[in-house]
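A short worksheet on the structure shown next.
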Amino acid sequence: MTETLPSRTADLPAKWNPGEVEGAMYRRWVERGYFRADPASDRPAFCIVIPPPNVTGSLHLGHAMDHTLIDVLTRRRRMQGHDALWLPGMDHAGIATQSVVERRMAAAGEPDRHAIGREAFVEKVWEWKAESGGTILGQMERLGDGVDWSRERFTLDQGLSRAVSTVFKRMYDDGLIYRAERLVNWSPALRSAISDIEVDHAEVEGELVSMRYGDGDASVVVATTRIETMLGDTAVAVHPGDERYRHLVGTEIEMPITGRRIPVVADDYVDPEFGSGAVKITPAHDPNDFEVGRRHDLPMPTIMDETGVIAGSGTRFDGMDRFEARAAIREELREQGRIVAEKRPYVHSVGHCSRTGVPIEPRLSLQWFVRVEPLARSAGDAVREGRTVLHPKEQEKRFFDWVDNMHDWTISRQLWWGHRIPVWYGPAGEVVCVGPDEEPPAGEGWWQDTDVLDTWFSSGLWPFSTLGWPEETPDLAKYYPNSVLVTGYDILFFWVVRMMMFGTYAMGETPFRDVYLHGLIRDEHGKKMSKSKGNVIDPLDLMDAYGADALRFTIARGSNPGTDMSLSEEWVAGSRNFTTKLWNITRFALSKGADPTAPLPAEADRTDADRWILGRLTEVREQTDELLEAYQFAKATEGLYHFAWDELADWYVELCKTQLDEAATADGTRAVLGHVLDALLRMLHPITPFITEALWTALTGRETVVTATWPTAQDAGAPVDAAASARVTDVQKVITEVRRFRTEQGLPDRKSVAARLTGLADAGLAAHEPALRFLNRLDAAGTDFAATATFEVTTAGGPVTVELDTSGAIDVAAERARLGKDLAAAEKERDQADKKLTNPKFTEKAPADVVDGIRARHATALADIERIGARLAALPEA
RNA sequence: GGGCGCGUAGCUCAGCGGGAGAGCACUCGGUUUACACCCGAGCGGUCGCAGGUUCGAUCCCUGCCGCGCCCA
């Protein structure tokens, strides 16, 4: 599009066609290096690292929101003269990526990963990544993300892998990483351990079955929702103070089916009030039972394999899936007469693997853990001491609840795609953690741990590993800590907390000063988007139809801190309408010779409209700055929208038309129009980068708005002139009242009407008569002028009388209705004010300015009532 | 069960102690010196319910009802 890029002298095309222009525009920005950061520059650093999307992923609305907000922040800082870095990249997404490649292999009828071996499989994943991974990167370009592509990183690239092994080694040596046999959340679908936060708890309708262990006096009734675990029971527990079972504590009871004899133990964990007061204990398959087992030194047999199939129980149920076994065992016990009660459905909470949806099976296994206590404490301290500030602040409580009660983190995953745990085991039971520059022990019998690390381990290092750590690079020196982190509140625990733990540990300082947590995007009725509901909207479709700017504007306009936003295609269409409006204002301005480089007219030469719009520009600029500093994207965007459309387009552009026709004001108007538009486009650029680039370069003849300076008090607007603004408000009121009268009288807008306006001079509005006549199509009153309709408009400056010669009788009924409505409103106003003013407590206790305000309203209401009453009385009878 | 948040116009949401707002939708009228992806005018709300504090409550407090999310 380079040759079609509008220049200052050329006319803009009649329409903005984003699809034809955006791609080339983006490439030009990248080629010219606008997004490249330079640590050697003396400009202050501003750095945001991207929340790394999955290498398997494609752009969805969540990314679009995240990226839009980040881009707004970084583009604005760049314009403010910062050395702004938005660093892009992706994470390797261990489980997701491995699954994608395994599915592709299966679909192609290839042998599975176990058949080809680890090395060959990992090679295949890299091949897949080279071919079809990272499609999201191209989609980011479509959105206009101003990222520094020269610094793109990947969690499995060489540098980041070095960062991972460096941290692992250091934490291992510091005793913060350890290996232990623990009961972990096991996903039978993934055949891997997962961490606590990868488990979703959901209410399910199951069954609660009560059964009798033992016989006669030596028997107890226990209840369970997972009867199949009875194969792994190694005790029955009762409360120590429970008289009912005192005689049994210390004895053994014979189990049905297995015939094993298990002890009855006393433990405080048991709630004597719940059920029978006796609990079966399966230490290898339940977290609470595991703790009981440890206290009483119970055996911990595992009775399932890694896929959730019963194994090693020595019963006929071996080989049966856990749910199949649940039914089979229940039936067998029923036949034995051991089922004493059944509750079905029994609603209870069950943990599910968040990735596959399969119920978690707690499993005793040897895993690697991070001892989080000291790390979580320092992450918490960073927020407590204000070194990192969460926005919105309401999220702090959630944050503290989590970091102050965090459990040790399971970091090993039984996968092949990821950072392999850098620990070698020797033939004599040696365990050696190998640092990044160390040679692993070689020789007979040595082998490396087969597990890989949780992906969040490497993405937790992202704020500094991407800047070159552990090397001491110029980037690291300049951009750490990062300025802000922007992400969804849904990954506060997954990611933000981890980055803060690692950052404070490895770098000695929290990784970012601010954290902005945005909400989620929902459908037009506030429902979560999901494939099964069929309400998913693809951001790429929206950009195809309405342009990237329209999508970005919609998101920015809807993003209030801490709350989710609803989005529908209609709203994106509305944003597109806004961009069209901007286009047309600028087109108008250019056609009239608007010139942002011309000096503003001397203060004495400015019209009321000039003063008003320049003052408003000042207010809007200040408000926009304030709101964006506070991450109030929706309000900032809304403010710009309102200014551009309801003030600049609807009023200033209209009022300036008569100014442009007057020799005395034409040049000044061209300067003001150019000036205001220039500043507005620059303020909108971070939100809608493409169209503002096209319009601003056309308006100014300069190279790009990307590196233009952000408007400041020195170069945008003028001090607010309250008197001029009040007169503009009066003009708007008179115009609106005339329009209203015309509408209700059925006078077509386009029809010129002869009119006499009196009182303008006394109201201080004499200078506005040309604009009033132009915008209301009011002709001068000739010698044959005969008013057929008269009405008064109360302005702040005084009453203005409008007499019209409508060349015919007016619609008395319509006029009566209109006046009646006005009268009712004025009377209501009077009554409300009256009520307050006659209340001595109000006049005594309310602040003086409030009382004065009510008095003024009261007086205005009385005047209106009198005026309208007189007008009504003067109307001819219907 | 604990915590957080939300119930304001048909829809989605701002406002949060002194005159109820926006966008979309809707009704009516429009070939205006840029714009029908538009312009102009209008309709539409006991601000979830019940108490309390206050001269004054959509706004603060308490309780209740309904909804959402997080944690257990």
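Letters A, B, ... mirror the listed sequences (proteins, then strands); counts begin at 1.
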Gap between atoms [atom1] and [atom2], on [X] and [N] respectively (whole Å):
| X | N | atom1 | atom2 | result |
| --- | --- | --- | --- | --- |
| A:F643 | B:A22 | CZ | P | 19 Å |
| A:E570 | B:C26 | CD | P | 11 Å |
| A:D849 | B:G17 | CG | P | 16 Å |
| A:K527 | B:C67 | NZ | P | 11 Å |

Which nucleotide in B:A22, B:C13, B:G19 has an atom nearest any side-chain atom of A:N560: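 Nearest to the side-chain atoms of A:N560, counting from C-beta on, is B:C13.
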
Pairing pattern in dot-bracket form [Watson-Crick, G-U; both distances under 3.5 Å; | = partner strand] for RNA chain B: ((((((((.[[[[.)..(..]]]].(((((.......))))).....[[[[[..)....]]]]]))))))).

Please state the [atom1] separation for the pair [N] and [M] - nearest whole angstrom.
| N | M | atom1 | result |
| --- | --- | --- | --- |
| B:U33 | B:C28 | P | 26 Å |
| B:G15 | B:C6 | P | 10 Å |
| B:C43 | B:U27 | P | 15 Å |

Where protein sits on nucleotides 27-42 of chain B, one letter per nucleotide: B base, S sugar-phosphate only, - none, heavy atoms under 4.0 Å: --BSSBBBB-BSSSSS

Footprint string (nucleotides 3-12 of chain B, 5' to 3'): B base within contact, S backbone only, - free, heavy atoms under 4.0 Å: -S------SS

Flag for A:T563-A:N560: side-chain donor and acceptor within less than 3.5 Å: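 No, A:T563 and A:N560 have no side-chain donor paired with an acceptor closer than 3.5 Å.
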
Non-hydrogen side-chain atoms of A:E815 and A:F741 separated by less than 4.5 Å: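 Result yes, sub-4.5 Å side-chain heavy-atom pair found.
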
Aromatic plane relationship, A:F493 with A:W402 - under 30° parallel, 30 to 60° tilted, over 60° perpendicular: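 A:W402 vs A:F493 ring planes: parallel.
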
Charged N-O contact under 4.0 Å between A:K841 and A:E844: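 Salt bridge between A:K841 and A:E844, a charged N being under 4.0 Å from a carboxylate O: no.
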
